[in-house]
Amino acid sequence: MPTANHRPPTAFETRVYEALCRVPVGKVTTYGRLGRHLGCGSAQAIGQALRRNPFAPEVPCHRVVRGDRGIGGFAGQTDGGEIERKIRMLRAEGVAFEADGRVAAGCLHDFPG
DNA sequence: CACCTGACATAAT
DNA sequence: AATTATGCCAGGT
């Protein structure tokens, strides 16, 4: 029973989700790269779209990290159990983490032309 | 290393 | 309908 359900996703959100789906397992992308790929110069708009994440496992929003390769946020939180969950998923997918909790530079996915 | 500014879309007023 | 406020940033000073 849909209570607090999702509203119709906007074109922008859909765009973000689609691009995110292009990221293979074991790799991660950044908000900035994703945004630039969509022609959007703002990474925050990306985060806002992901934050709503209507499609949880369908859209691997957990494969998105900060431009500094930081873990970034998740489920609308920048810290907390949700974040730990995100890290766990990435590690489960084969993403390597540095001792600082940052993602390995080699795990960054590059978008095709 | 801390702070402020910039760019963009959505939600709320 | 228009404006204000905010948000899983980025980048530069």
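A, B, ... follow the sequence lines: proteins, then strands. Residue 1 opens every chain.
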Atom of A:Leu34, atom of A:Ala19 and distance for their closest heavy-atom approach: CD2-CB, 3.6 Å

Gap between atoms CZ and P, on A:Arg102 and C:dA10 respectively (whole Å): 12 Å

Just how far, in rounded Å, is C1' of C:dC9 from CD1 of A:Ile71? 15 Å

Given a cutoff of under 4.5 Å between side-chain heavy atoms of I, L, V, M, F, W and Y, with clusters grown through shared members, what are the other residues clustered with A:Ile83? A:Val28, A:Val65, A:Ile71, A:Phe74, A:Ile87, A:Met89, A:Leu90, A:Val95, A:Phe97, A:Val103, A:Leu108

What is the separation between atom CG on A:Leu20 and atom C1' on C:dC9, rounded to the nearest whole Å? 15 Å

Measure across A:Pro60 and A:Cys21 and return the closest heavy-atom pair with its distance rounded to 0.1 Å. CD-SG, 4.3 Å

Tell me, which pairs form a salt bridge (charged side-chain N to carboxylate O under 4.0 Å, His left out) where one or both residues lie in residues 74-95 of chain A, sequence neighbours left out? A:Arg63-A:Glu93, A:Glu82-A:Arg85

Look up atom CD1 in A:Ile46 and atom NE2 in A:His37, then write down how far apart they are to the nearest 0.5 Å. 10.5 Å

Under the salt bridge (charged side-chain N to carboxylate O under 4.0 Å, His left out) rule, what pairs show up with a residue in residues 27-48 of chain A, not counting sequence neighbours? A:Arg33-A:Asp110

Please list, in 5' to 3' order, the outermost nucleotides of DNA chain B lying under 4.0 Å from any heavy atom of chain A. B:dA7 to B:dA11

Mind running a 4.0 Å heavy-atom check of residues 75-93 of chain A against DNA chain C and sending the residues that fall below it, in number order? A:Ala75, A:Gly76

Roughly how far apart are A:Leu20 CG and A:His62 NE2, rounded to 0.5 Å? 8.5 Å

Gap separating the CG atom of A:Asp68 from the CG atom of A:Asp100, nearest 0.5 angstrom: 12.0 Å

Just the atom pairs and distances: protein N or O near nucleotides 3-7 of chain C's N or O, under 3.5 Å.
{"unit_1": "C:dG7", "atom_1": "O4'", "unit_2": "A:Gln48", "atom_2": "NE2", "d": "2.6"}

Is there a path of hydrophobic side-chain contacts, each under 4.5 Å between heavy atoms, that joins A:Val25 and A:Leu50? no

Between A:Asp68 (CG) and C:dG11 (P), how many Å, whole number? 8 Å

Do you know which two heavy atoms are closest between A:Arg66 and A:Gly72, and how far apart they sit? CG-CA, 3.6 Å

